[in-house]
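It should be emphasised that the depicted structure is a prediction, and the values quoted were computed from it without experimental measurement. Side-chain atoms are counted along with the backbone in the values below, which use heavy atoms only and exclude waters and symmetry mates. Here, residue 1 is the first one in the sequence, and each next residue gets the next number.
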Amino acid sequence: CYTGEGGKIPVVLVNDGNEYYCVINYDDDWVVGKYDETLTLKLKSKVNVKQSTPITVTESGIVVTDKNGNLKLLSKETLE
């Protein structure tokens, strides 16, 4: 799976049960996308993230690095 820059950037899917998360390019920004088990996009984060952010799933939520380099904890339900 590839995204951005003409489809040349590999995408890493992070699994959490029946849900998957990855960094996607949306409106010229990088955000976290949440997908279901059929890989249908369900949510996009409102927080812009670094293209290379790791995505860490915890009991408290999803930890990412925003575009300014700050750690952010996003809700699994809303990605806010």
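- Without hydrogens or angle criteria, Lys50 side chain to Gly69 main chain gives no donor-acceptor distance under 3.5 Å.
- Taking CG of Asp27 as the start and NZ of Lys44 as the end, the distance is 8.0 Å to the nearest 0.5 Å.
- Under the 4.5 Å side-chain criterion, counting only non-hydrogen atoms from C-beta, Thr65 is in contact with Pro54.
- Cluster membership for Leu13 and Tyr26, using ILVMFWY side-chain heavy atoms within less than 4.5 angstrom, is shared.
- Taking CD from Glu80 and NZ from Lys46, the interatomic distance works out to 4.0 Å, rounded to the nearest 0.5 Å.
- Going from atom CG of Asn70 over to atom CG of Asn68 covers 6.0 Å, rounded to the nearest 0.5 Å.
- Under the 4.5 Å side-chain heavy-atom criterion for grouping Ile, Leu, Val, Met, Phe, Trp and Tyr, Leu79 is connected to Val57 within one hydrophobic cluster.
- Between Ser45 and Leu74, the shortest heavy-atom distance links the atoms CB-CD1, 4.1 Å.
- To the nearest 0.5 angstrom, Ile55 atom CD1 is 11.5 Å from Asp16 atom CG.
- Using a 4.5 Å cut-off on side-chain heavy atoms (C-beta onward), Trp30 and Asn25 make contact.
- Hydrophobic clustering (side-chain heavy atoms under 4.5 Å, transitive across Ile, Leu, Val, Met, Phe, Trp, Tyr) keeps Val47 apart from Leu73.
- Atoms CD and CG, on Glu77 and Leu43 in that order, are 9.5 Å from each other to the nearest 0.5 Å.
- Side-chain contact between Val23 and Val64 is absent, with no heavy atoms from C-beta onward closer than 4.5 Å.
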Apply side-chain contact (heavy atoms from CB on, under 4.5 Å) to residues Val14 and Ile62 and explain how you reach the verdict.
CA-CA 10 Å; Val14 176; Ile62 308 297; over 6 Å; no
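- The CD atom of Glu37 sits 10.5 Å away from atom CG of Asn15, with the distance rounded to the nearest 0.5 Å.
- Residues Val49 and Lys72 have side chains not in contact (no heavy-atom distance under 4.5 Å, counting atoms from C-beta outward).
- Side-chain atoms of Val31 and Asn48, non-hydrogen and from C-beta on, do get closer than 4.5 Å to each other.
- Of all the heavy atoms in Asp36 and Tyr20, the pair that sits closest is O-CD1, 3.7 Å.
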